[in-house]
Amino acid sequence: MGCPVLIASPNLDWSEELKKYFSSKEINSEIVNNGKDCELKAHQDKRTFIVLDIETKFNSSLEVLKHLRISSPLTKVILIAESKTRMSEFSLNEAALKELGAFCVLIRPFKNNDLLEKIDPILARSENGVNMDRDFQSFVVLQKQLRILHQKKGHLSDKLKLIAQIIELHEQFLRDTATMDKTINFSKETAFLIAECMENEKDYVDFLKAGDLISNSTTYKILVFCLMTAQCVEWASRRTMESLIHGILVREVGKITENISLESGAELNMSSDEIASFKLHPWKAVTYLESFGNITEPIKQIVYQRYELINAGGFPLGIAGNRIYPPVKILSLCESFATFISIRGLTPLEGLKAFMSDRAQLDRFDPMVVKGLIKSFISLSKRLNSTAITKEGR
Amino acid sequence: MKKGNLLIVDDEILLLRPLRMLLSPLADNVFEASHGVGALEIISKEIIHCVLCDIQMPKMTGVELIKILREKGNNVPFIFYTGHGNLTLMMEAAKYGAFDFLNKPSLDGLEEVIEKGLIIGITPHKVETILDHLSEYQKMLNDIEEDT
């Protein structure tokens, strides 16, 4: 990234000194001395960090903070305050400032090194963890390999190995501020390719017998279970599969922009305040996704409704039964199932038995979709036989 | 075989005619309304099995229309279509149980979605619970045991 840090302060001497310090640490930075320029520069070139002096005026630091929260939610704002007394004159404490979108607050006097400690780990991740050009190239190569494998009618396990790698790379890119937007733009193509390659894969039994799901990525596991289930649910079409895959790929955007843990089941250990904030992330996600032209309405609905449950016990809407957007019924079941087996360290087969024995768990999902999930664990020949027998019986 | 009745609601009159032509083979009857009030009138007289509805219309939005119908206990499948930039309306539409969503101008997947909406609309609604299926689940789990 060219210039990852923007310094906004009316105190030009301090800004120049800080710029020199960053430069000695090989971090490029730019200086502005008012709020309007800060917003403009942040808009022109996405920054990883903005060091914002609380004394900044025209627009004020608080106006800038609010603006950035909406226009550049991934940019981390470090607020610099002259003293605690000065902060209280703004009638704000550190917690309130964080709520307004500040990444952290530093009160003078502090050492430049204190600031560096906040910035450095995240910059290192942006610049070393993801090398956009190099790694996006490997993304493209993996997609090509998957396409070729599909054309040559490759084996299901081999396809899933490539899909697992694509998903892992996708997750890595999505979590990084430097590559997030590009990854979201790329997700439609990824979803289309996976749907195309997996459309006619209807028998997962040999793969499941092996017990090894190939990857520990939760997104990958959810995707596999959704693909399996969609194959066994009457109303699910190729369009449903594609929308589901696309939704799965971008579903965590709200958590990422809000700095919420991506760990499976992390919400189970949250305080009531944290839960309240957690429940807002589907809305944050669709708000963020709105600016992407290739994220269609079905995808946004999947992302928005993915925690809805058939017994109305979900969120954000708390809608029940047939009010839930049908593809969401597949995702909510498969996401729960994937989390269930991940937390317990079970294979899918072990997990299915345990999952099915928990009635309270099952009551939250559409019975026909549950049936689809179980059915997908049965070999295709057996499924076809039982359908034939049922038809004869009629 | 019964296909069901479709109602198209759109204030863009120019769009109604081609939509009707395109979708006529899929339904027994296709009705048109250029606004929400007209749609309510048709629904009060005819049995409608699926509604294809624009979200942004003057006088009454698609969301207001579905809200009125749901309040009357009418659960007809609704398929909304919209251009970009109607985020709040679309998320509100979700509250009332939209069957599917399409994006203007492509309306990609329109026929497939309408066919499914009509099938759902003509199928008598039966509330099923997990309890109704437990024995079937157990049988399938036994099949899985045998497979493995």
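Naming convention: chains lettered A, B, ... in sequence-line order (proteins, then strands); numbering from 1 in each chain. All heavy atoms count here, side chains included; hydrogens, waters and symmetry mates do not.
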(request) State the OH-CG distance between B/Tyr137 and A/Leu373, to the nearest 0.5 angstrom. (result) 9.5 Å
(message) Can you give me the closest heavy-atom contact between A/Phe365 and B/Ile130, atom names plus distance?
(response) O-CD1, 4.0 Å
(message) Quick test of your reading of the model: are A/Lys371 and B/Glu136 salt-bridged, counting only N-O distances below 4.0 Å?
(response) yes
(request) Find the distance between CZ (A/Arg383) and CG (B/Asp143) and round it off to the nearest 0.5 Å. (result) 11.0 Å
(request) Look at the side chain of A/Gln301 and the backbone N and O of B/Met90, then say whether any donor-acceptor pair between them is shorter than 3.5 Å. (result) yes
(request) With a 4.5 angstrom heavy-atom cut-off, could you sort out which part of A/Phe377 is near chain B: side chain, backbone, both or neither? (result) both
(message) Once rounded to the nearest 0.5 Å, what's the spacing between atom CD of A/Gln305 and atom CE of B/Met91?
(response) 8.0 Å
(request) Below 4.5 Å from any heavy atom of chain A, which atoms of B/Ala98 appear? Answer side chain, backbone, both or neither. (result) backbone
(request) Please step through side-chain contact (heavy atoms from CB on, under 4.5 Å) for the pair A/Glu297 and B/Thr82, ending with a clear verdict. (result) CA-CA 8 Å; A/Glu297 200 50 47; B/Thr82 177; 4.2 Å; yes
(message) A side-chain contact here means heavy atoms from C-beta on lying under 4.5 Å apart; do A/Arg239 and B/Asp100 qualify?
(response) yes
(message) Is it true that, when you exclude B/Lys67 itself, more than 12 heavy atoms of the residues, nucleotides or ligands shown sit nearer than 6.0 Å to its NZ?
(response) no
(message) Distance alone, cut at 3.5 Å: any donor-acceptor contact between the side chains of A/Ser237 and B/Glu112?
(response) yes
(request) Let me know if B/Lys95 has heavy atoms under 4.5 Å from chain A in its side chain, its backbone, both or neither. (result) both
(request) Give, for atom OH of B/Tyr96 and atom CD1 of A/Ile319, the distance between the pair rounded to the nearest 0.5 Å. (result) 11.0 Å
(message) To the nearest 0.5 Å, what is the distance between CE on B/Met140 and CE on A/Met356?
(response) 7.0 Å
(message) Whether the side chain of A/Lys300 engages the backbone of B/Leu87 through a donor-acceptor N/O pair (distance < 3.5 Å, no angle test) should be reported.
(response) no
(message) Could you report the tightest heavy-atom contact between A/Pro298 and B/Asn103, atom names first, then the distance?
(response) CD-OD1, 3.7 Å
(request) Considering only heavy atoms and a distance below 4.5 Å, find which of A/Val370, A/Thr240, A/Ile324 pairs most often with chain B. (result) A/Val370
(message) Quick check on B/Asn75 against chain A: is it the side chain, the backbone, both or neither that has a heavy atom closer than 4.5 Å?
(response) side chain
(request) Using a cut-off of under 4.5 Å on heavy-atom pairs, state which of A/Pro327, A/Ser243, A/Ser379, A/Gly321 scores highest against chain B. (result) A/Ser379
(request) Return yes when atom CG of A/Leu280 has more than 12 non-hydrogen atoms of other residues, nucleotides or ligands closer than 6.0 Å, and no otherwise. (result) yes
(request) List the steps, then state whether side-chain contact (heavy atoms from CB on, under 4.5 Å) holds for A/Ile374 with B/Leu141. (result) CA-CA 7 Å; A/Ile374 309 173; B/Leu141 287 170; 4.0 Å; yes
(request) Mark yes when over 12 heavy atoms from residues, nucleotides or ligands other than B/Ile13 sit less than 6.0 Å from its CD1; otherwise mark no. (result) yes
(request) Output the residues of residues 24-35 of chain B for which the shortest heavy-atom distance to chain A is under 4.5 Å, in residue-number order; output 'none' if no such residue exists. (result) none
(message) Under a 4.0 Å threshold between the charged nitrogen and the carboxylate oxygen, would A/Lys382 count as salt-bridged to B/Glu146?
(response) yes
(request) Find the distance between CZ (A/Arg359) and CG (B/Leu134) and round it off to the nearest 0.5 Å. (result) 5.5 Å
(request) Would you please name every residue forming a side chain to side chain contact (heavy atoms under 4.5 Å, CB included) with B/Thr61, sequence neighbours left out? (result) B/Gln56, B/Val63, B/Glu64, B/Leu89
(request) Give, as side chain, backbone, both or neither, the part of A/Leu349 having an atom under 4.5 angstrom from any heavy atom of chain B. (result) side chain
(request) Tell me, for A/Thr287 versus chain B, whether the close heavy atoms (under 4.5 Å) come from the side chain, the backbone, both or neither. (result) both
(request) Please look at A/Val286 and chain B and tell me whether the side chain, the backbone, both or neither of the residue comes under 4.5 angstrom of a heavy atom of that chain. (result) both
(request) Decide if atom CD of A/Glu234 counts as having more than 12 heavy atoms of other residues, nucleotides or ligands within a radius under 6.0 Å. (result) no
(request) Below 4.5 Å from any heavy atom of chain A, which atoms of B/Glu145 appear? Answer side chain, backbone, both or neither. (result) side chain
(request) Examine whether an atom of A/Leu317 lies under 4.5 Å from a heavy atom of chain B, and if so say whether it belongs to the side chain, the backbone or both; otherwise answer neither. (result) side chain
